[in-house]
Amino acid sequence: MLDQPAAPRRVLVTGGAGYIGSHVLHALTDAGIPAVTIDNLSTGRRAAVPESVPLVEGDVGSADLLDRVIRAHDVDAVMHFAGSIVVPESVEKPLAYYRNNTVSSLTLLDACARFGIDKVVFSSTAAVYGATDRVPIDEDTPTAPINPYGASKLMTERMLRDAEPAHGLRSVILRYFNVAGADPAGRTGQATPTATHLIKVACQALLGRRPALSIFGTDYPTPDGTCIRDYIHVSDLAEAHVLALLHLRGGGESLTLNCGYGRGASVLEVVRTLEAVSGETVPATFADRRPGDPPQLVAGADRIRERLGWVPKHDRLDEIVRNALAWERSLPG
Ligand SMILES: NC(=O)c1ccc[n+]([C@@H]2O[C@H](COP(=O)([O-])OP(=O)(O)OC[C@H]3O[C@@H](n4cnc5c(N)ncnc54)[C@H](O)[C@@H]3O)[C@@H](O)[C@H]2O)c1
């Protein structure tokens, strides 16, 4: 009898029912890469997970659950999205953030070490840089987080680096700037009604699902006085994850990479783009600056292109905003 070809091994995606994880599951599925996801559905939704991907409902901080899933699905790599993501909440509940972001990551990395899983793609954040005034912010900028959220993520970065010489665990750490937009095919999007992302909130305000958008600070040293951020389309970000996984599966070395386009848009530019795309007015009010908001956060974004061959396909602000609005309209009001 001829030998059957070995079934391809699966990637364990934690937090695959959430905003970014669900886009990555769709990108993996589109690329024919088998996956399994663990999600406790604290902010995620079952419906966001593609039908072909097994969803194991449970907590990524449970070593028993991780053991069962890794064994049952022949996992060879991990993509780690599960976590808590709201910066002001992390200031109110720092220990909850260290538990869910840092301690759960420790449990996950410990499982990787025990099972010999040697490839991890980790969702980090530009918040590890803190309130830097560098423009753009490249990956060699010193890290100095100013809130527990950023610190909780930086601690996981450190664990990953320390685990490499001891356990042979290679990683791609992706530091996201401002993730926005939705799947152009409408399969998934940001569905947390209380999300704090500007483009999401502006779409909700436009559709009358939130009070007016508050624009915090109009006297920043920027061309129109409002804050500038580097918005990256979530589908381009998802593609970067697939490339990072292929890099590690191909034997590639550990990398730390910013995820952004290397250019920013101001709050007012975002609002005007949304108005142009929709033909409607975004109800907005002007408020004082929020403490801790730097005028500009723009990624130094050359390294990810050089090291992963990443070429963004959705990097126009009008496309990001159009996809976000279409997704928002598709949600029950
Ligand atoms: N959205 C952004 O702009 C942004 C920016 C930088 C970094 N990140 C990082 O990207 C990752 C994903 O963010 P998102 O925007 O998709 O958030 P999200 O809240 O939509 O997704 C997080 C998912 O993880 C699940 N989850 C949370 N804690 C869990 C646990 N203990 N066990 C199992 N599942 C758990 C949630 O149910 C949810 O499905 C996070 O790690 C976040 O820190 C996001």
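Read the numbers this way: they start at 1 and go in the same order the structure lists the ligands and their atoms. No hydrogens, no waters, no symmetry mates; every other heavy atom, side chains included, goes into these values.
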Practice problem: Could you tell me which atoms of ligand 1, counted from 1 in the order shown, lie closer than 4.0 angstrom to a heavy atom of F81? | Solution: 11 (C), 12 (C), 40 (C), 41 (O)
Quiz item: What's the shortest heavy-atom distance between V69 and V75, and which atoms?
Solution: O-CG2, 4.2 Å
Quiz item: If you measure from the Lys or Arg side-chain nitrogens to the Asp or Glu carboxylate oxygens, is any gap between K313 and E319 under 4.0 Å?
Solution: no
Self-check item: For atom 2 (C) of ligand 1, the protein heavy atom that lies nearest, with its residue and separation
Solution: H197 NE2, 3.6 Å
Exercise. Working to the nearest 0.5 Å, report the span between CG of D236 and NE2 of H314.
Key: 5.0 Å
Exercise. Answer yes or no for S42: is there a heavy-atom contact with ligand 1 below 4.0 Å?
Key: yes
Quiz prompt | Polar side chain donor-acceptor pair, T226 to D224, under 3.5 angstrom | solution = yes
Practice problem: Return the residue, atom name and 0.1 Å-rounded distance of the protein heavy atom closest to atom 10 (O) of ligand 1. | Solution: Y176 CE1, 3.3 Å
Self-check item: K153-ligand 1 polar pair, N/O distance under 3.5 Å
Solution: yes
Exercise. Within a distance under 4.0 Å of any heavy atom of G58, pick out the atoms of ligand 1 and give their elements.
Key: 32 (N), 33 (C)
Quiz prompt | Atom indices of ligand 1, in the order listed, that fall short of 4.0 Å to a heavy atom of G44 | solution = 36 (C), 37 (O), 38 (C), 39 (O)
Quiz item: Which protein non-hydrogen atom lies closest to atom 38 (C) of ligand 1, naming both residue and atom, and how far is it?
Solution: T43 OG1, 3.1 Å
Quiz prompt | Side chains of D318 and T273, donor plus acceptor under 3.5 Å | solution = no
Quiz prompt | For atom 32 (N) of ligand 1, closest protein heavy-atom neighbour | solution = V60 N, 3.0 Å
Exercise. Please confirm whether R289 makes a cation-pi placement over Y220, using NZ or CZ under 6.0 Å from the six-membered ring centre and within 45° of the ring normal.
Key: yes
Quiz item: Should you measure from each heavy atom of G18, which atoms of ligand 1 turn up under 4.0 Å away?
Solution: 20 (O), 21 (O), 38 (C), 39 (O)
Practice problem: Determine whether the side chains of T256 and E139 contain a donor N or O and an acceptor N or O closer than 3.5 Å. | Solution: no
Quiz prompt | Distance, nearest 0.5 Å, that separates CG of L245 from CE of M79 | solution = 4.5 Å
Practice problem: Give yes or no for whether the N/O distance cutoff of 3.5 Å, strictly under, is met between Q190 and ligand 1. | Solution: no
Quiz item: Would H23 and T188 count as having a side-chain donor-acceptor pair, cut-off 3.5 Å?
Solution: no
Exercise. Ignoring hydrogens, just give me the one of I85, I20, V179 whose non-hydrogen atom is nearest atom 44 (C) of ligand 1.
Key: I20
Quiz item: Which protein heavy atom lies closest to atom 39 (O) of ligand 1, and at what distance to 0.1 Å?
Solution: D39 OD2, 2.5 Å
Self-check item: Per-atom contacts, ligand 1 versus A82 - under 4.0 Å to a heavy atom
Solution: 24 (O), 26 (N), 29 (C), 34 (N), 35 (C)
Quiz item: For atom 31 (N) of ligand 1, what's the nearest protein heavy atom and its distance?
Solution: N100 OD1, 2.7 Å
Quiz item: Looking at V242 and A31, what are the two nearest heavy atoms and their distance?
Solution: CG1-CB, 4.4 Å
Quiz prompt | Donor-acceptor pair between T192 and Q190 side chains, under 3.5 angstrom | solution = yes
Self-check item: Option whose closest heavy atom lies nearest to atom 43 (O) of ligand 1, chosen from Y97, Y231, Y149
Solution: Y149
Exercise. Could you find the nearest protein heavy atom to atom 30 (C) of ligand 1 and give me its residue, atom name and distance?
Key: N40 ND2, 3.2 Å
Quiz item: Going by the atom numbers of ligand 1, which of them fall below 4.0 Å from some non-hydrogen atom of S124?
Solution: 6 (C), 7 (C)
Quiz item: Is the shortest distance from a Lys or Arg side-chain nitrogen in R134 or D140 to a carboxylate oxygen in the other one below 4.0 Å?
Solution: no
Quiz item: When rounded to the nearest 0.5 angstrom, what is the spacing between CG in N258 and OG1 in T141?
Solution: 7.5 Å
Quiz item: At a 4.0 Å cut-off, with the gap strictly under it, does some heavy atom of L41 reach an atom of ligand 1?
Solution: yes
Self-check item: Ring centres under 6.0 angstrom apart (Y176, H241)
Solution: yes
Quiz item: Against heavy atoms of S123, which atoms of ligand 1 measure under 4.0 Å?
Solution: 9 (C), 10 (O), 11 (C), 41 (O)
Exercise. Give the atoms of ligand 1, by number and element, whose distance to some non-hydrogen atom of D59 is under 4.0 Å.
Key: 30 (C), 31 (N), 32 (N)
Quiz prompt | Closest protein heavy atom (residue, atom, distance) for atom 20 (O) of ligand 1 | solution = Y19 N, 2.9 Å
Practice problem: Consider ligand 1: state whether an atom of it lies below 4.0 angstrom from any non-hydrogen atom of H80. | Solution: no
